[in-house]
Novice: 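Let me begin by handing over the structure; questions about it come next.
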Amino acid sequence: MFARVLLNWMPGLKNLLAYDRNWLKSDIRAGLSVAAVALPVAIAYAELAGVGAIVGLYSCVLPMIAYALFGSSRQLIVGPDATTCAVIAAVVTPLAAGDLELHWQLTIMMTLMMGGWCILASKFRLGALADLLSHPILTGLLNGVAITIIVGQLGKIMGIQLDANQVIEKVIALPGHILDSHILTLGMSVLTLAILAAVKHFRSQWPAPLIAIIITTALAWGFSVQQYGVATIGGSGFESGLPVVHWGEFQPGLMRELVIPALNLALISFVSLMLTARSFAAKNGYEINADVEFRALGIANIMSGLSQGFAISGADSRTAVNDANGGKSQLVSIIAALIIALVVLFFTQPLKYIPVSALGVVLVYAAWSLMDLRSIWGLRKRNKSAFRLACFTFVCVLLIGVIQGIGLAVLLGLLQFLRTVFRPTEQLLGINEDGMIHSLGNSTGVKAVPGVMMYRFNSPLTYFNVAYFKRRILNLVDSTPFQPRWVVIDAVASFTYADISVLAAIDELKRDLKNRQIKIVLAGRRTELTRWFKDNRPNMKEDDILLVPDLYLALKLIQSKEHAL
């Protein structure tokens, strides 16, 4: 019994226990490739998050193993993510006010809070929140974050100091500092970019960031570039050995400032993870469980926080590397994590020679892959409201920051949804020559049924739109060129649950139509409607409102009653 419960909680472990040995060779190759890509990216993202380089590696080892055991995706690789790190930096940097130790502490606490939110959401089966950030919002968000990261690294790449905090201010300040660029730092950046471009062009399967970091680190060590003013990780506070955060002076009151940002971060990370996991699951022919993924993400982030790391999410680039190299199971994550652990234990000293400018170029290289402005522009012709939402998100992220921009974009998306529910589309229905029911106006062959107005309201009826529903029917009845004797309402689309306000409004509509000598017919959901009216309107007569199974039977019933008269 316990084993069954354990395996239900740990679908990754269940898959590993049923491991096919024929996959081993492919998984080892994929694990080595993932580690080769993850190492430089994790170090670069640690810089982006504002913590020490080794913290990026801390954020890989235990979280990758945890997800391999608790996650349901066989291909997904978790780890540091550009969007996640940008959000952390946006929240923690103002609170830390330049205190590096406090910055690290707050980053860990935010990661633990995020993990707690994810597990709580999984407990309440809120996996459907993956759909809260719509495609337009995500498109605008990723493009905005990409530009934010690129602009934020320009100072490191050119060896200049940009004191401005926001993207727009940095862009404005940049031209005045270009002449102050440090030539050797800029040269190291150009060399890193050239290596990345050359590897991508001639050996696209090779880990370009790792090769670029190895070459530039070797040059920095061999020529002692620090003495010439080229900043390296060692020069920016890197400590030998395995650094440990000290909690003696931490102020717990600061945690209040992290609660809501951690919730936002959990949502962003989960949506990003689900997009990646679903796409690769569909490609490889299996399903994933959103609630299980929420729990796995939470556990992975708690393990990251406990190991002094920062928040992680689904890493689409490393997942793509895994899939391209034939990775078949979660063993890939475990192999990659063990390789990174070896680096953490035995090869920390070389990390201090990594040039900061080279990491900046790697970050720009990674952020460039996030940019897809063409996809925003492509929405302009297909869906103008989606285009406006994507542009709004994009501009908000650039102007007011990542967290605030996401919050406003989600709010706007919800308002657009509420507008659709408040004021949905509607149709008047008629029949064609074959007796099939269609919307009026779509074809010249569709005509209204004499004496009958058939109406469809394309939204569930609830207390905040039922007054509009009632008003629209009465306006249409009063404006029709002929006086209908029957109003037939398609109940399938609009009567989805027993709202007392809706039933009361139907009583009022019935009374107003009766005053106009018009009878009302509800077509569809006859069983539910009969029960709802019986429970809430026990004194209602059967002739007051006619309930029929569908629109066609409604027309037959009307025809028979007309003939009877």
Side-chain angles (χ1 to χ4, degrees), residues 2-17 34 38 42 55-81 83-85 87-88 107-130 258-259 262-278 280-281 287-315 318-319 322 329-338 340-341:
F2 175 75
R4 189 183 302 115
V5 173
L6 183 65
L7 291 178
N8 287 335
W9 263 70
M10 304 174 73
L13 177 61
K14 185 177 181 180
N15 290 336
L16 290 173
L17 291 176
V34 168
V55 178
L57 303 183
Y58 289 164
S59 305
C60 292
V61 181
L62 292 183
M64 290 175 73
I65 295 174
Y67 181 82
L69 298 176
F70 289 92
S72 61
S73 173
R74 299 170 197 162
Q75 273 74 38
L76 185 72
I77 303 295
V78 298
D81 171 76
T83 306
T84 305
C85 292
V87 171
I88 291 172
T107 299
I108 293 172
M109 294 309 302
M110 188 171 176
T111 302
L112 292 171
M113 285 184 182
M114 172 191 165
W117 280 121
C118 290
I119 291 177
L120 186 64
S122 172
K123 186 71 175 176
F124 286 96
R125 299 187 180 278
L126 298 180
L129 288 175
L258 302 176
V259 175
L263 177 60
N264 291 334
L265 185 59
L267 177 60
I268 296 166
S269 298
F270 177 62
V271 171
S272 174
L273 179 144
M274 284 300 296
L275 285 173
T276 304
R278 279 175 174 169
F280 283 93
E287 296 289 333
I288 58 173
N289 186 309
D291 295 318
V292 169
E293 291 301 297
F294 229 149
R295 182 173 64 227
L297 178 63
I299 293 172
N301 274 281
I302 287 176
M303 296 307 296
S304 181
L306 293 177
S307 56
Q308 303 185 122
F310 51 79
I312 55 95
S313 182
R318 277 143 282 173
T319 304
N322 177 19
S329 74
Q330 288 92 334
L331 183 62
V332 174
S333 289
I334 296 174
I335 293 171
L338 293 177
I340 296 171

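Nothing fancy with the numbering, it's 1 onward along the sequence.
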Novice: Of all heavy-atom pairs between Cys85 and Pro80, which one has the smallest distance, and what is that distance?
Specialist: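 Of all heavy-atom pairs spanning Cys85 and Pro80, the closest is SG-CB, 4.5 Å.
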Novice: Is there a side-chain contact between Phe310 and Ile108 (heavy atoms, below 4.5 Å)?
Specialist: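 No, side chains not in contact.
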Novice: Using 0.5 Å steps for rounding, measure from the CG atom of Leu62 to the CG atom of Asn301.
Specialist: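 Those atoms lie 12.5 Å apart.
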Novice: Report yes or no: do Glu293 and Ser73 form a side-chain donor-acceptor pair below 3.5 Å?
Specialist: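 Short answer, no.
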Novice: So, Ser304 side chain and Ala300 main chain: donor-acceptor pair closer than 3.5 Å or not?
Specialist: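 No, Ser304 side chain to Ala300 backbone: no donor-acceptor pair under 3.5 Å.
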Novice: Side chain to side chain contact (heavy atoms under 4.5 Å, CB included) with Leu338: which of Ile335, Ile334, Ile340?
Specialist: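 Single pass found, and it is Ile334.
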Novice: How long is the span from the OG atom in Ser333 to the CD1 atom in Ile65, to the nearest 0.5 Å?
Specialist: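 Going from the OG atom of Ser333 to the CD1 atom of Ile65 covers 9.5 Å.
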Novice: Is there a side-chain contact (heavy atoms from CB on, under 4.5 Å) between Thr84 and Ile268? Walk through the geometry before answering.
Specialist: CA-CA 8 Å; Thr84 305; Ile268 296 166; 5.8 Å; no
Novice: Listed by chain and number, what are the side-chain contact (heavy atoms from CB on, under 4.5 Å) partners of Arg295, not counting sequence neighbours?
Specialist: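 For Arg295, the residues satisfying side-chain contact (heavy atoms from CB on, under 4.5 Å) (neighbours in sequence not counted) are Trp9, Ser122, Val292, Ile299.
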Novice: Treating Thr319 as the side-chain partner and Ile77 as the backbone partner, does any N or O pair qualify as donor plus acceptor under 3.5 Å?
Specialist: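 Between the backbone of Ile77 and the side chain of Thr319 there is a qualifying donor-acceptor contact (under 3.5 Å).
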Novice: Counting only N and O atoms by type, is there a donor-acceptor contact under 3.5 Å from the side chain of Trp117 to the main-chain atoms of Val259?
Specialist: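 Yes, the answer is positive, given that a donor and an acceptor are paired below the 3.5 Å cut-off.
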Novice: State the CE-CG distance between Met10 and Leu69, to the nearest 0.5 angstrom.
Specialist: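 Between Met10 CE and Leu69 CG, I get 4.5 Å after rounding to 0.5 Å.
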Novice: Within the side chain of Thr111, is there an N or O that forms a donor-acceptor pair under 3.5 Å with the backbone of Ala311?
Specialist: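 Such a contact is found between Thr111 side chain and Ala311 backbone.
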Novice: How close do Ala262 and Met113 get, counting heavy atoms only, and between which atoms?
Specialist: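 So the two residues come closest at CB-CB, 3.6 Å.
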Novice: Please test Val61 against Met303 for side-chain contact (heavy atoms from CB on, under 4.5 Å), starting from the C-alpha separation and ending with a verdict.
Specialist: CA-CA 9 Å; Val61 181; Met303 296 307 296; over 6 Å; no
Novice: Distance check, rounded to the nearest 0.5 Å: Asn15 atom CG versus Leu331 atom CG?
Specialist: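 Taking CG in Asn15 and CG in Leu331, the distance rounds to 11.5 Å.
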Novice: Please give me the minimum heavy-atom distance between Phe294 and Cys118, naming the atom from each residue.
Specialist: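 Residues Phe294 and Cys118, closest heavy atoms: O-CB, 3.4 Å.
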Novice: Would you say the side-chain atoms of Asn322 pair up with the backbone N or O of Arg318, donor to acceptor, closer than 3.5 Å?
Specialist: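 Flag not set: sc Asn322 to bb Arg318 has no pair under 3.5 Å.
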Novice: When you measure from the side chain of Ser59 to the backbone N and O of Gly309, does any donor-acceptor pair fall under 3.5 Å?
Specialist: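 Looks like no, no N/O pair under 3.5 Å.
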Novice: Which heavy-atom pair separates Gly305 from Leu112 by the least distance, and what is that distance?
Specialist: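 Looking at all heavy atoms of both residues, the closest pair is CA-CD2, 3.8 Å.
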Novice: Check the pair Ile88, Leu265 against side-chain contact (heavy atoms from CB on, under 4.5 Å), reporting the backbone distance first and the verdict last.
Specialist: CA-CA 8 Å; Ile88 291 172; Leu265 185 59; 4.0 Å; yes
Novice: First locate atom NZ of Lys14, then atom CD of Gln330, and finally report the distance between them rounded to the nearest 0.5 Å.
Specialist: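 Atom-to-atom, Lys14:NZ and Gln330:CD are 12.0 Å apart.
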Novice: Between Val55 and Gln308, does a side-chain contact (heavy atoms from CB on, under 4.5 Å) hold up when you go through it step by step?
Specialist: CA-CA 7 Å; Val55 178; Gln308 303 185 122; 5.8 Å; no
Novice: Indicate the atoms forming the closest heavy-atom contact of Leu76 with Ala277, along with that distance.
Specialist: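 Leu76 and Ala277 have their closest heavy atoms at CD1-N, 4.1 Å.
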Novice: Distance from Phe124 atom CZ to Asp291 atom CG, nearest 0.5 Å?
Specialist: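 Spacing of CZ (Phe124) from CG (Asp291) equals 12.5 Å.
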Novice: Hey, which of Val78, Asp81, Thr83 is the one that makes side chain to side chain contact (heavy atoms under 4.5 Å, CB included) with Ser313?
Specialist: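 That would be Asp81; it is the only one of Val78, Asp81, Thr83 passing the side chain to side chain contact (heavy atoms under 4.5 Å, CB included) with Ser313.
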Novice: Hey, does the side chain of Thr276 reach the backbone of Ser272 with a donor-acceptor pair shorter than 3.5 angstrom?
Specialist: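 Indeed, once roles are kept as given, a pair shorter than 3.5 Å links the two residues.
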Novice: Taking all heavy atoms of Gly79 and all of Ile312, pick out the closest pair and write down the distance.
Specialist: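 Here Gly79 and Ile312 meet closest at O-CB, 3.3 Å.
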